Number of protein chains: 2
Amino acid sequence: MASIKEASTIQENKSLAFVTCPVTFVMEKIGGYWKPIILFNLLSGPKRYSELKRSIPTITEKVLIQHLKQLESDHLVVRRSKPVVPPYVTYELSRSGKALRPVLYAMAEWAVANSGKFSKTFSRQMKDFPAA
Amino acid sequence: MASIKEASTIQENKSLAFVTCPVTFVMEKIGGYWKPIILFNLLSGPKRYSELKRSIPTITEKVLIQHLKQLESDHLVVRRSKPVVPPYVTYELSRSGKALRPVLYAMAEWAVANSGKFSKTFSRQMKDFPAA
DNA sequence: TGGTATACATACTTTAGGGTAAGTACTTGT
DNA sequence: ACAAGTACTTACCCTAAAGTATGTATACCA
């Protein structure tokens, strides 16, 4: 009986949970598989939509703009478009987006240190993304 | 025609993709909503299963052990059990799990800096998780 | 005239993750 | 005799996320 009640309120408590755990708060913003990858690819500066697509070959176009729009509405990236044809649209990190650099950089460093034989390839990739 | 071929090979290329992007490698290990939250709760030291459950009230038991087992098979956490009854099982970070501290800590710091009115609550939480 | 490129949109299907509810084995406490 | 706690397991369902395929407007280039 008690356990059922408890379970039923789990979802109701969710809004409360992210108030007590900072990492939960972060996950609500950049949780999931793709967002950190997209953000990492924007660390090196503004990128066009097509550039992003090319640098993340395994993402589908639908999922890419879907996440870009979410990131935009969460104010982590800024979309800029020039009214030309063919369209010219760039995405860049906002201020709070740029503030994620230490997070993403720590991830990349962990990958270098914990990926065994891939670490060399990773450290080559990281040349483009200075820590500061 | 060409676009169809391209799309079809996206999934096949996935194993290749995480070789070129360090963050993708990380996401394959700790991607998703719950894993970083669990790992963060283990930063302060070994915890019993029931302790974890209590400190992450919004997770269900099924999902909790499910992820604990995945984290264990990825060698990020270590499970220790005493053969007593009632059972006494603890989970703690492995060496590479502990190496995630900078990642999780950077997340928590970002939350403190970018959560507005919740930042005070978060910084209280962070007292328990020293950076070093 | 048609192919290419850009930055999307959309309909439809599939899958993986997560949630609910209940059960198990064993012992201590009342 | 029975509830309670511990660390799970299992079966079933449901939804959100992701993947597939195709379409759109516009202009340049050959």
Side-chain angles (χ1 to χ4, degrees), chain A residues 1-14 17 24 27-28 30-38 46-72 77-92, chain B residues 1-14 17 24 27-28 30-38 46-72 77-92:
Chain A
M1 221 38 159
S3 70
I4 294 175
K5 260 192 184 174
E6 222 173 80
S8 304
T9 50
I10 278 186
Q11 290 323 93
E12 301 160 22
N13 289 339
K14 221 168 188 180
T24 303
M27 287 301 108
E28 294 287 341
I30 63 164
Y33 184 83
W34 291 113
K35 280 179 186 170
I37 297 173
I38 295 172
K47 288 243 174 78
R48 293 184 68 175
Y49 172 81
S50 52
E51 287 182 278
L52 277 175
K53 190 171 116 58
R54 270 190 295 273
S55 56
I56 315 176
T58 52
I59 201 172
T60 62
E61 293 193 38
K62 183 193 132 194
V63 173
L64 179 55
I65 45 149
Q66 192 174 290
H67 282 108
L68 284 172
K69 295 212 179 284
Q70 283 177 33
L71 290 169
E72 194 195 357
V77 308
V78 177
R79 190 192 108 113
R80 294 186 203 286
S81 70
K82 291 181 187 172
V84 295
V85 59
Y88 194 94
V89 179
T90 57
Y91 292 90
E92 64 177 292
Chain B
M1 226 28 162
S3 70
I4 295 176
K5 262 192 183 173
E6 220 175 82
S8 304
T9 49
I10 279 186
Q11 290 323 95
E12 300 159 24
N13 290 338
K14 221 166 188 182
T24 303
M27 286 302 109
E28 293 286 341
I30 63 163
Y33 183 84
W34 292 112
K35 279 178 186 170
I37 298 174
I38 295 172
K47 289 242 176 80
R48 294 185 69 174
Y49 172 81
S50 51
E51 285 182 279
L52 278 174
K53 191 170 115 60
R54 269 190 295 273
S55 55
I56 314 176
T58 53
I59 202 172
T60 62
E61 293 193 36
K62 183 193 128 190
V63 173
L64 178 55
I65 46 151
Q66 192 174 288
H67 283 108
L68 284 172
K69 294 214 179 284
Q70 284 177 31
L71 291 169
E72 195 194 357
V77 307
V78 177
R79 190 191 108 112
R80 295 186 202 283
S81 70
K82 291 182 187 172
V84 294
V85 59
Y88 193 94
V89 179
T90 57
Y91 292 88
E92 65 177 292

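Predicted model, so just to flag it, every value in this text is computed and none were measured. Naming convention: chains lettered A, B, ... in sequence-line order (proteins, then strands); numbering from 1 in each chain.
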So do the side chains of A/Thr24 and B/Thr58 get within less than 4.5 Å of each other, counting heavy atoms only?
no
Can you find a heavy atom in the side chain of B/Leu68 that is under 4.5 Å from one in the side chain of B/Leu52?
yes
Any side-chain N or O of [X] less than 4.0 Å from the OP1 or OP2 oxygen of [N]?
X: A/Thr60; N: D/dA18; result: no
X: B/Arg48; N: D/dT6; result: no
X: B/Tyr91; N: D/dC8; result: yes

Starting the side chain at C-beta, find the nucleotide from [options] nearest to [X].
X: A/Tyr49; options: C/dG18, C/dA9, C/dA7; answer: C/dA7
X: A/Lys69; options: D/dT6, C/dG18, C/dA9; answer: C/dA9
X: B/Trp34; options: D/dT6, C/dA5, C/dG18; answer: C/dG18

If I compare all heavy atoms of B/Met27 with all of A/Tyr33, which pair ends up nearest, and what's the gap?
CG-O, 3.4 Å
Kindly indicate whether the side chain of A/Lys62 and the base of D/dA18 share any N or O donor-acceptor pair separated by less than 3.5 Å?
yes
Given atom [atom1] of [X] and atom [atom2] of [N], what is their separation to the nearest angstrom?
X: B/Glu61; N: D/dA7; atom1: CD; atom2: P; answer: 10 Å
X: A/Tyr88; N: D/dC28; atom1: OH; atom2: P; answer: 17 Å
X: B/Lys53; N: C/dG19; atom1: NZ; atom2: P; answer: 13 Å
X: B/Ile59; N: D/dA7; atom1: CD1; atom2: P; answer: 15 Å
X: A/Leu68; N: C/dA9; atom1: CG; atom2: P; answer: 11 Å
X: B/Leu64; N: D/dT9; atom1: CG; atom2: C1'; answer: 14 Å
X: A/Tyr33; N: C/dA16; atom1: OH; atom2: P; answer: 14 Å
X: B/Arg80; N: D/dA7; atom1: CZ; atom2: P; answer: 16 Å

Closest-nucleotide mapping onto DNA chain D: is A/Pro87 or B/Val89 further toward the 5' terminus? I mean the 5' end.
B/Val89
Within the structure shown, what part of the strands sits under 4.0 Å from B/Ile65 by heavy-atom distance: base, sugar-phosphate, or nothing?
base
How would you label the contact of B/Lys82 with the nucleic acid (heavy atoms, under 4.0 Å): base, sugar-phosphate, or nothing?
nothing
How do B/Gln70 and A/Arg54 order along DNA chain C: which one's closest nucleotide is nearer the 5' end?
A/Arg54
Assign each of B/His67 and B/Val85 to its nearest nucleotide of DNA chain C by heavy atoms, then name whichever residue's nucleotide is nearer the 5' end.
B/His67
Criterion side chain to side chain contact (heavy atoms under 4.5 Å, CB included) against B/Ile38, the qualifying member of B/Val63, B/Leu71, B/Ile30:
B/Leu71
Rounded to the nearest 0.5 Å, how far does OG1 of A/Thr60 lie from NZ of A/Lys53?
9.5 Å
